[in-house]
Every structure is written in structure tokens, then in C-alpha cells.
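Labels below follow one simple rule: chain letters A, B, ... track the order of the sequence lines, proteins then strands, and each chain is numbered from 1. Everything numeric in this text was worked out from a predicted model, so none of it was measured. No hydrogens, no waters, no symmetry mates; every other heavy atom, side chains included, goes into these values.
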Amino acid sequence: MNIIEVEHLKYAYDKNSKPAVDDVSFTIPAGKYVTLIGHNGSGKSTLAKLLSGLITHYEGKISLFGQPIEKADNAAIYALRKKMGFVFQNPDNQFVGSTVRDDIAFGLENRQVPHEEMDGFIHTYAKKVGMEDYLDQSPENLSGGQKQRVAIAGVLAMHPELVLYDEATSMLDPVGKRDILDITFHLREENPNLTVLSITHDVEEAFRSDYVLVLNAGKLVLEGTPAEVFSHTEELKKIHLDAPFFLSLKAALKAKGMEIPDEIDTEEKLEEFLCR
Amino acid sequence: MPINFSHVFFTYNPKSPFQSNALKDINITLPEHRFVALVGRTGSGKSTFVQLINALLSPTDGYVKIGDYINHPEKAKKAPKDLSKEQKKAWKAEQKRIQQKHKSKDIKALRKHVGLVFQFPEYQLFEETVEKDVAFGPKNFGDSKEEALKKAHQALEEVGLDSSFFTRSPFDLSGGEKRKVAIAGILATSPEVLIVDEPTAGLDPAAAKDAMALFQKIEQAGTSVFLVTHDMDLVAQYADEVIVLENGQVVKQCPPSELFGQDLTQYSLQNPHVFDFALRLEKRGLKLNTASLRNVDDLANAIMEAKK
Amino acid sequence: MSRFTMGRYVPYNSFLHRMDPRLKIYSLIIFMIAIFVNYPTWAMTYTMLGILFVMTIVLLRLAHMSLLSLLKSLSSLWFMVVFILIIYIFVPRYSEANADWYFLIGTYKVYWESLLEAGKVMLRLIVMLSVSMILTATTTPLALTDALDWYLSPLRWMGVPTPILAMIIALALRFIPTILEDVERILKAQSSRGVDFKHGHIFAKFRAIISLIIPLFVSSFVRSDELANAMECRGYDPTSKRTKYRKLHFQWWDLFEFVVVSAVIACFFYVAFGHFDAYATWWGLVTK
């Protein structure tokens, strides 16, 4: 089943301006980790708003979980959101509760989880993201990475089928970034049905994902597996996207005359190859 | 401008349940006309350290000398009781030397010479037009309106914003452009020392690269640049020297290549990508020369060298 | 890390910290009433206020706070105190009965009763501020919201959307530290651009404040916009029913405390409204 289907999606913030999302079509099958990359202003965040139902007046078609979204049907959007979890860019502005505990509870309260069951959920999911020792901490005592982990716990407690990251790591330091990615990969190992769509400008993350969509000036310019997408070095350079570390190293070595076979496609394999 | 920390302590919320010692006995003379990275985990005292240089904070004990300006504790320290008469006299003389009286214009002069770009500086914009916002700093430091605008235009061009931006509202710009305006606002006062705190946070890779190239250019033009960051890739790539803060103390001051390429868990830091890869190769028996390792290209060279 | 500010929650584990927040608000309110009612004679006024003052000191002790550091940190209070004193000396307040009760500074009449009045106002101020500080220092913002929510709940029958009100209060309390951090950051950023928030003439100060306020508004609007989006995406619908994670439970010792607090206040009310003059009664007993 396709979790997300987008057909000829078009949206402009006002009538006279250039569309922020311009005739975009793609599908995301269940159980995949998909990254959507592009530099700032490429239309990534607008696309996220469209998928979450925060913007409703668009042209084209969006289907979530096999069900087309009726543009003005708020009740249906609310119902669909129950299957989706969101993690946004700014860690502070999505932390609703006064403590970690209360923030995770916020989503549970919205879904009318009975009071008696809440503590169990809170503990389980705080533990999953390694925040079980911080339950009574308030947000001003947490780092950005920790706040994002709480946001993920809040999302997981809802048992979503689709998790959407809207630049969830872009405000974090490298350690926070790595933690969030590690947690995400771990979650997918635990639950292979979980679909993740991550909107990001981190090419390393894109390189580790299953499928990559590249957006530029509102248009989808490339899509495919990381290996396919990042083989288009010139196109990516034109739209100011770097190659991931592994690929740039491989390219640099090749340029200096080293012959590297094509089946070397991860850092680990390259390591082994070089030390042979 | 020579900057010198002498026995500097800093405590937040002293004598309260929230008391925390941010800096403990810092003694350091900062290098001049170099690109220096200041690293350490969150809470290691980096931001306190840089705010002392700009006199936004005063030390709890000890002093920081920035050029002729001495940033000292608000109250002079009382002499210990068991001093002899001569010692007491020397103590008093020392206290008198340190406890400079600062007028408003002295502090302004200091801040004109030491530019500090905070994290997410776009949140300090407030004027109606870009040029007015950038001219705000120079005007505060005593320039006439015309002079300030001239400096603003220069600074804006330096950060890569042409004259079409001058009269636009800063609030209509994109995130990356706002950041540039904010940085121009500090450059417009042509500081001798420029401190930048996580300047690439939240920027996309292209904008981040632009920003770093700008700081490098500024450093080469003779300004001392201090980069506060968690991003070790930036440190490896740009810094001439790195200062490591850990638990409120300076634990290391050396060129990046001397710090990286070893186990850094003791400082709660991680190696830059290139050094990390070199380290992994080394563990497998391929020894690389990492002395001048900065980017992927250097790494490829070092590997080719080692494989010969 | 922001500076230690008065009125902030201080995490200790005292008797006052553990007290039910609803009971604390109840106690605060009746304490306030006890401070502001009029007692029959000057002697009784000072006796009762004295008792309240001693009680305040005991409560401060229990909350691990010190009156001295509290008074020090409230520097604006001292300005008020001096101001009140001056006003009461130059705009004398005295009753006809005590019109002869004064002393002279040079040829100026200073009425004793004015000074007593000034003293009363000062005592009231100090006690009032102290007990409010005790409440906020021993109660988490969260517990305060829950308690307010409980007090507001009867309004629900009149059609007031109390869950929304409670959510607004909770969010406001949640974002106070965040916005204070913003203030501090912007203040420092503008200071390093040469703004002087302390010195300078009125116009310069006005400019300084503008350079703080506008960025603060901009960032707060961005925050509220993003927060609203995040809340909506996390399934918050103000019109639909929500379950509650935090529930307050009244314990048996809370009942005991309730009785004690109510009994104490009853004594104060008896004195105030029953025009009970302990000294006259005592004098009556002695001379009988």
C-alpha cells in the first residue's frame, strides 16, 4: 500500500507569486524511510505543511493511507492525523508541556487515552528515546537534542503509521543530530512497517535512507535510491547540494587515479578495500 | 588586540539553589590575528567565556584584560586576613589597578572593537529597512548618519547582499538572508576581534559554506576570529587553532590536527568526519599522515600517499 | 541559564511544597484578607499584623527562604517604603480624637498617627509580598495551573470554556522561561551592538527599548505560530473532549490543614468584625 500519493500538487502563497510547490508528483510505499532534500526555499517546508493538512487550498491531489484528502473536511484531516506523527524544526516551539512527562501526556490527552494508562505509555516511550531519567525536567533544562527526543517519544506514544520530520535535526548540534538519526533507525528495526518521511538538508541522512526525493524551486528534480540520486553529481552541485562524505571521498580517490570497483558502496566497504 | 584571562571564575546565581560554576580559574592569553575555534560540550562554559570578552558579563573573581579595558568583578575582593603589611599594600595596589572605573563610553568602545555574533542573530533585527538595521551599530558607536549608512552599505556588500536589498524590510527576507544582514550589522563597526557563536546553525549547506568563507576572508584581512561551535568538521576545515573547554576549564589549546585523530571521549567531543575515517583506517593498520588534514581532498591525498 | 529571579519555583521538599496547591491558594487568599481588614484599635492592629508577620517568618523558614534576602532582592519595595513614609508625613492622616498627638520637627507638626498608618501600610506590603513569594517558590507552575483549573471549574456550568482557559494559562506559564531567555538574548545582542540600556537620556532609552521590543514580538509571533501548528498536528482540538493526565487528590491531612487555616482566619475575623479589643477586655478583667 502507498502511504502517501501526491499527484500534480501545486500551491502558491499568493496568486501573483511563483508557486512554492509546482506540479509535484510522488508516491511513498509503506515501511520506507524516505528523505526529501533541497536547500532552504526549495519548497520543502511548504510541502510538509500540505501533507499535514495545515494548508488546504492547493491544486492537485493528495492521498494519505490510500484515502484522498477532501480539502475542506476538517474532521477527516483530524482522523488522518491520528495515524501520523510530526516532529518539527524548532525544539522549543513544539514542547507543549511544562515537563517531559506532561509533554508526552499532551498527545495522549488529545487522543483521550484513559488517565490510568498514561503513566505506562509515558515510561515506555520515554525509555525508547533514552529520556526516562528526565521525566520531571522542564524544557529550559534540556538540550535541543533532548527536546527533540521527547518530541519523538510523544509521537511514538500515538502509534503512528507515518512519521514526518520537518527539518527535525537542522537546529541541533552534531551529537544531537546523530542521536535522533540513531533512534529513528532503531525504531525502524523494531517496527519495519513504520514509514518515515524526513524533510532535511542533511545529505548524510539522505544517503542512509531508502529513497531520496530532491526538490528545487518547487519542482521535483531527482528521485531514486541514494546511490542513483547522488550519482548525478553535476545536477546536485548546480542546486547547491553536496555529496555525502563517502561519495565525495570515493570521487576524490578516483580523481587521483585509484581504481575503486562499483560494489564498494558504503564507508565500511571502502575502509576494508583501502586496507586490503 | 591582546586578550588575557587571569584567574577568572564565573558563577551563575551564587548562593542560591540554582548556583552553578560556569568557569573555574581560567588563565589564558588568546592568540591574535588567527582563526580560533572554541569547542566543548553544552554547558562547558563556552558562551560565558565569550561574553566575558565583550563585558556582557563580569567575572565573579579574577579579571579579563581586553586591550586596555579590564573586565573585573563588580565588587573589589577583600584581602585575606593573614597578610603582612607589605603584602596588604601590594594587594591593595593590585585591586586598585584591576578595579578600573568604567564609563558608558568605555564599554561602548570595547564593544565596538569586539564584535559578537550570537546564535540565530536574525532575531535581533528590528528596523524598517536593511540598511538602517545594519547602520544601527555604527550609529550607537558615535558615527553620523551618513557615515553609518556608508559603513552599512560596505558591510552588506561584504556579506554578499547588493544594493537591491538596502531598502527592503529585513522581515521580508529569507532565513539565510536575514542571517547575513545580522552579521553585516556586526561587521559594519569593523571590529578588531570577531566572535561568532554557531553561525551555521539552521542554515542549509550552501549558506553555511558562504558564511564560513566570509569569516575566513575577514580573518585574512587581519581580524581575529573566534568561532564557537559544536561542529568539528568546521573546526578541522577552517581553524588555525582550537581551544577546548571542559567543565569550566581550558583543557587544551593546540592546532586542530593535534587535537583530532585520537579518542576524544574524554572531552565529550567527536572527531571530524575526515579524522574519524583516518582513525578507522589506522586501526586496521593503514597509517596516514594527518598533520595537515582539513577536508576530503586532503584525506584522499593522504590515502594515496600511504598506499604508495 | 537565566538569572535567579524572585517568584521562581525553588525545588525543595518541604511541608509547604507538598501541600495541596488548591489549599495553598485558599490559604493565600484568606491570608490576604486578614492583612487588609481593619482591626478595632491601633494596639490590636499592630498585634494582629505582628502575629501575621511572625507567621510569615515561620512560613518563610519552612519554605527554605530568608526574609532578608527576599527584602534585598525587592529593591523597588524600599523605594516604595520611603515614598510612603514621606507622603504620610507631608499629607498627614489622623483622626480628630488624636489631633493633639504629634511631635515637632522645627515648627512642622508630625502626627504620630500618620507614622503608625505608614508603618501599617509597610507591614502589609512586606507580608503580602512575602506570602505571594512563598506560594510561587513552593508550587510548580503546573500545580498552580491545576489548582486554578479546579477553582475555575464551577464556571463551566455557566458556559465558560474552562479547559481552554486552563490551557492558555498552562501555555503562558510554560513559555515564560523561554521568553525570558529570548529577552536576555536580545538584550545582550543589542548591547553588543552598542545599545546602552542603563544610561542615556529619555530618547536614547526609548530607542533602546524599541530595539528590544520589536525583535521580542517577532520571535514570539513565530513561536506562537509554530506552537499552534505543532499542537494541531499533535491532535489538539479545543472543542473536543480530552482526558486528564494530572489529577489532584485531596488527602486527609489536607483536610486537617484546611481546618487549621480556617480556624486561624476565624480568629482574625472575630477580632476585625467583632470589634474585639483584647487589651480592653484584659484591662476589664484586671480592674474588676
With a 4.5 Å heavy-atom cut-off, do [X] and [Y] have their side chains touching?
X	Y	answer
A:Asp102	C:Tyr245	yes
C:Cys233	A:Phe88	yes
A:Val96	C:Arg234	yes
C:Glu181	A:Glu140	yes
C:Arg242	A:Phe106	yes

Against chain C, work out which of A:Arg101, A:Gln89, A:Glu109, A:Arg81 has the most heavy-atom pairs shorter than 4.5 Å and name it.
A:Glu109
Given salt bridge (Lys or Arg N to Asp or Glu O under 4.0 Å), test C:Asp237 with A:Arg111 step by step and report yes or no.
CA-CA 10 Å; C:Asp237 177 359; A:Arg111 304 279 161 92; over 6 Å; no
Could you grab the distance from atom [atom1] of [X] to atom [atom2] of [Y], nearest 0.5 Å is fine?
X	Y	atom1	atom2	value
C:Tyr9	A:Ser98	OH	OG	12.5 Å
A:Leu108	C:Lys244	CG	NZ	15.0 Å
A:Asn93	C:Arg223	CG	CZ	4.5 Å
A:Ser138	C:Leu142	OG	CG	10.0 Å
A:Gln112	C:Lys241	CD	NZ	6.5 Å

Checking [X] against chain C: side chain, backbone, both or neither under 4.5 Å from a heavy atom?
X	answer
A:Thr99	side chain
A:Leu54	side chain
A:Lys49	side chain
A:Ile122	side chain

Please indicate whether [X] has more than 12 foreign heavy atoms, meaning atoms of other residues, nucleotides or ligands, lying under 6.0 Å from its [atom1].
X	atom1	value
C:Phe36	CZ	yes
C:Arg18	CZ	yes
C:Phe197	CZ	yes
C:Phe217	CZ	no
A:His186	NE2	no

Is it the case that the side chain of C:Thr243 and the backbone of A:Val113 share a donor-acceptor pair, with hydrogens and angles ignored and the cut-off at 3.5 Å?
yes
So, does C:Arg174 use its side chain to make a donor-acceptor pair with the main chain of A:Phe95 at under 3.5 Å?
yes
Please evaluate residues A:His115 and C:Lys247 with respect to the criterion side-chain contact (heavy atoms from CB on, under 4.5 Å), reporting the C-alpha separation (whole Å), side-chain torsions for both, the decisive distance (0.1 Å), and the verdict.
CA-CA 9 Å; A:His115 172 78; C:Lys247 282 190 176 160; 3.9 Å; yes
